[in-house]
Amino acid sequence: MYCQQCNQRPATVYITKIINGEKSEMHLCQECATKMQETSGFGWDPHFSMNLLSSFFEEAESALNLARNFPKTDRCETCGLTYSSFRQSGKLGCSDCYNTFMAQLSPVIRQIHGSEKHTGKIPERGGEQLHIKKKIEQLKDKMQEMVQREEFEKAAEVRDEIRRLEGKLK
Amino acid sequence: MVAYKDIIKRIRSRWMEGSGAQADIVISSRVRLARNLQGIPFPHLADKQTAQEVINKVKEAIDTSVKKEFPTIQLTALSEIDRLQKQILFEKHLISSQLLEQDEKAAVALDEEEISVMVNEEDHLRIQCLLPALQLHEAWRKADMVDNSLERKLDYGFNEQFGYVTACPTNVGTGMRASVMLHLPGLVMTKRAGNVLSALSKFGLVVRGLYGEGTEALGNLFQVSNQITMGRNEEEIINNLSNVTQKIVDQEREARQVLKKELGTQLEDKLWRAYGTLRYARIMDTQQALSLLSQVRLGVDMKIIKGIDPRIMTELMIMIQPGCLQYIMGQEMNPNMRDVYRAHLLRERIKIENA
């Protein structure tokens with residue numbers, strides 16, 4: 001989302017005003033928000049939300065010494081987003097950013113979700129390989145159980161199925 | 001391209017019909033899925049032309065695929081909808097405030113108001129299903145269907161490890177936000193709401209006000225939704241929210257019993273006074289109206305006030321919002337005029353029938 005004031009920079013500050021019972025909401029970039037604060041004398045700190053986000057990243061980064069290991073000038077080839085502008089806005093630029101910045105993103109995502117592995121729905125199209133991988137994992141579990149129950153013949157059948165599926169993977 | 005007009009004519013939404021499980025406490029259930037197209041900059045980086053390309057692709061997918069299962073769904077560019085009508089869609093929870101601000105670059109596809117697909121909000125696609133009462137599984141089933149039909153025509157951005165990619169990493173994974181809108185006057189009046197709701201974070205759930213993030217809990221209405229979108233699959237997220245909702249509902253019922261027992265006539269007096277104010281006041285702002293409607297609704301649900309259809313209460317919560325009010329009146333009004341007309345509308349609608 002772009003700033004409602006200048007329509008140029010991404011909006012990072014969210015303001016709710018209540019005047020005479022009329023509620024209005026604004027999304028502004030930091031520069032316009034600061035300007036507005038100066039002219040209207042709002043008693044509020046535009047840096048607050050930014051600081052909150054930055055501290056989030058810093059925590060994740062320091063945990064893994066990422067700040068040192070990854071140059072922050074990394075740029076996504078598809079959309080041109082840099083890691084530092086991601087850090088500023090908190091938003092990725094396109095689907096490929098998740099590959100470009102995977103190493104830096106992992107700890108951030110773990111901080112947010114407590115996990116960094118998607119276990120839900122997979123798209124039908126484009127997800128064929130993943131569906132096969134998931135199936136293989138399930139079959140391996142099944143095979144383990146059979147081995148434990150000493151059902152070796154059945155386990156061998158499952159093993160053959162796993163091999164067949166593995167042949168389908170790239 | 002006039003589908004939205006038909007919708008707004010019938011200003012009622014299906015989700016306001018208010019029938020179904022726990023409908024007296026769970027006002028609505030919603031599932032929202034965030035999806036993005038592969039290799040195309042997310043809306044916040046997209047120029048107008050790119051945004052239009054996304055809209056065209058989604059329109060094609062809606063028309064050739066989604067329509068087979070949802071025949072009434074129709075996509076409209078936001079720039080073709082007038083200001084007041086957009087405001088109404090927002091008040092009815094069919095589009096978000098963020099979409100409103102994307103005006104020139106955004107579009108929305110609506111069916112008979114259970115499904116809405118927002119295009120170029122924070123993500124390329126936000127697929128939403130909104131249903132009355134506690135119907136999270138059904139809402140997920142329908143949103144999933146729309147998602148599947150869109151996916152037949154669109155290349156989604158999907159990452160093997162992270163799942164469905166989103167502009168903000170707080171939504172990545174399932175991209176799913178499931179939520180329920182709860183009416184909890186009993187918990188608020190017995191001062192238990194704080195305790196019950198703050199315990200929700202332990203279950204990975206968050207509480208918000210009537211119009212989502214950063215809004216206040218007006219009229220004792222609370223929105224509860226899942227906080228995290230990764231590490232749990234969709235079914236698990238839905239089950240967790242459903243189970244916790246059921247527990248909150250039980251607590252609310254218990255609180256209402258306590259109120260009845262401890263306050264007796266005092267409770268009746270309070271609720272009937274709320275009715276009296278709604279029935280006779282001449283000036284009413286939104287906040288006060290929501291608060292009084294909440295009390296009358298409690299009276300109706302507890303069978304203290306009889307002869308009012310509880311569905312009217314849900315409907316009025318939306319109808320008294322500024323956009324709907326001006327639409328019903330047929331003209332734009334300043335806030336003072338709205339307060340007068342709001343009081344008028346409430347007097348008309350809240351009459352006790354067959355008394």
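Just the heavy atoms: all of them, side chains too, but no hydrogens, waters or symmetry mates, feed the values below.
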Asker: At a heavy-atom distance under 4.5 Å, which candidate from B:G175, B:P41, B:G157 has the highest pair count against chain A?
Answerer: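 Going by pairs under 4.5 Å, I would pick B:P41.
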Asker: Using the rule given for side-chain contact (heavy atoms from CB on, under 4.5 Å), can you reason through A:S95 versus B:F158, listing the C-alpha separation, both sets of side-chain angles and the distance that settles it, and then say yes or no?
Answerer: CA-CA 7 Å; A:S95 52; B:F158 184 84; over 6 Å; no
Asker: Measuring heavy-atom distances to chain A, does B:I237 have an atom under 4.5 Å in its side chain, in its backbone, in both, or in neither?
Answerer: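 It is neither, since no heavy atom gets under 4.5 Å.
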Asker: Quick one: does any side-chain atom of B:E234 pair with a main-chain N or O of A:K121 as donor and acceptor, under 3.5 Å?
Answerer: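 It does hold such a pair.
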Asker: How far apart are the closest heavy atoms of B:L45 and A:C79, and which atoms are they?
Answerer: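 Distance-wise, the nearest heavy atoms are CD1-SG, 4.2 Å.
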Asker: Highest number of heavy-atom pairs under 4.5 Å with chain B: which of A:L92, A:D96, A:L81?
Answerer: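 Ranked by contacts with chain B, first place is A:L92.
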Asker: Could you check whether atom CZ of B:R152 has more than 12 heavy atoms from other residues, nucleotides or ligands sitting under 6.0 Å from it?
Answerer: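 Count over threshold, so yes.
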Asker: Please classify the contact between B:N148 and chain A as side chain, backbone, both or neither, with a heavy-atom cut-off of under 4.5 Å.
Answerer: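 Both parts, backbone and side chain.
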Asker: Please rank B:D339, B:D285, B:D144 by heavy-atom pairs under 4.5 Å with chain A and give me the top one.
Answerer: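 Counting heavy-atom pairs under 4.5 Å, the top option is B:D144.
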Asker: Tell me the closest heavy-atom pair linking A:I109 and B:P169, and the distance in Å.
Answerer: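 Distance-wise, the nearest heavy atoms are CG1-CB, 4.3 Å.
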Asker: Side chain from CB out, backbone as N, CA, C, O: work out which of these in B:D123 comes under 4.5 Å of a heavy atom of chain A, or both, or neither.
Answerer: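 For B:D123, there is no contact with chain A at all, as no heavy atom is under 4.5 Å.
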Asker: Give, as side chain, backbone, both or neither, the part of B:T286 having an atom under 4.5 angstrom from any heavy atom of chain A.
Answerer: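 Contact with chain A involves no heavy atom of B:T286 at all.
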Asker: Say you draw a straight line from CZ of B:F162 to CG of A:N99; how long is it, rounded to the nearest 0.5 Å?
Answerer: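 Reported to 0.5 Å precision, the distance equals 8.5 Å.
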Asker: Side chain, backbone, both or neither: which part of B:Q161 has a heavy atom under 4.5 Å from chain A?
Answerer: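 Both backbone and side chain.
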Asker: Side chain, backbone, both or neither: which part of B:N336 has a non-hydrogen atom closer than 4.5 Å to chain A?
Answerer: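 For B:N336, no heavy atom lies under 4.5 Å from chain A.
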Asker: If every non-hydrogen atom of B:E151 is compared with every non-hydrogen atom of A:E124, which pair is closest and at what distance?
Answerer: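 Shortest heavy-atom separation between B:E151 and A:E124 comes out as OE1-N, 2.9 Å.
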Asker: I need the residue from B:D147, B:L37, B:N120 with the largest number of non-hydrogen atom pairs under 4.5 Å to chain A.
Answerer: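 With the most close heavy-atom pairs to chain A, the winner is B:D147.
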Asker: So with a 6.0 Å cut-off around CD of B:E53, is the heavy-atom count from everything else above 12?
Answerer: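 Yes, because the 6.0 Å sphere around CD of B:E53 holds more than 12 heavy atoms from other groups.
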Asker: Locate the shortest heavy-atom distance separating A:Y98 from B:V172; write the atom from each residue and the value.
Answerer: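 Scanning both residues, the minimum pair turns out to be CE2-CG2, 3.6 Å.
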Asker: Could you tell me which portion of B:N36 (side chain, backbone, both or neither) has an atom closer than 4.5 angstrom to a non-hydrogen atom of chain A?
Answerer: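 When you check distances to chain A, no heavy atom of B:N36 falls under 4.5 Å.
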Asker: Closest heavy-atom contact between B:G39 and A:T78?
Answerer: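 Closest approach of B:G39 to A:T78: O-CG2, 3.5 Å.
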Asker: Taking A:H113 for the side chain and B:I228 for the main chain, is one N or O donor matched with an acceptor at less than 3.5 Å?
Answerer: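 Here the side-chain-to-backbone pair does not exist.
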Asker: Where does B:L100 contact chain A at under 4.5 Å (heavy atoms): side chain, backbone, both or neither?
Answerer: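 Neither the backbone nor the side chain of B:L100 comes within 4.5 Å of chain A.
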Asker: Is A:E77 atom CD crowded by more than 12 heavy atoms from other residues, nucleotides or ligands, each under 6.0 Å away?
Answerer: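 No - once you tally the heavy atoms of other residues, nucleotides and ligands closer than 6.0 Å, there are 12 at most.
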Asker: Given heavy-atom pairs under 4.5 angstrom as the criterion, report whether the side chain, backbone, both or neither of B:R35 touches chain A.
Answerer: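 Side chain only.
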Asker: State, to 0.1 Å, how close B:E160 and A:K117 come at their nearest heavy-atom pair, and which atoms those are.
Answerer: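 That would be O-NZ, 3.6 Å.
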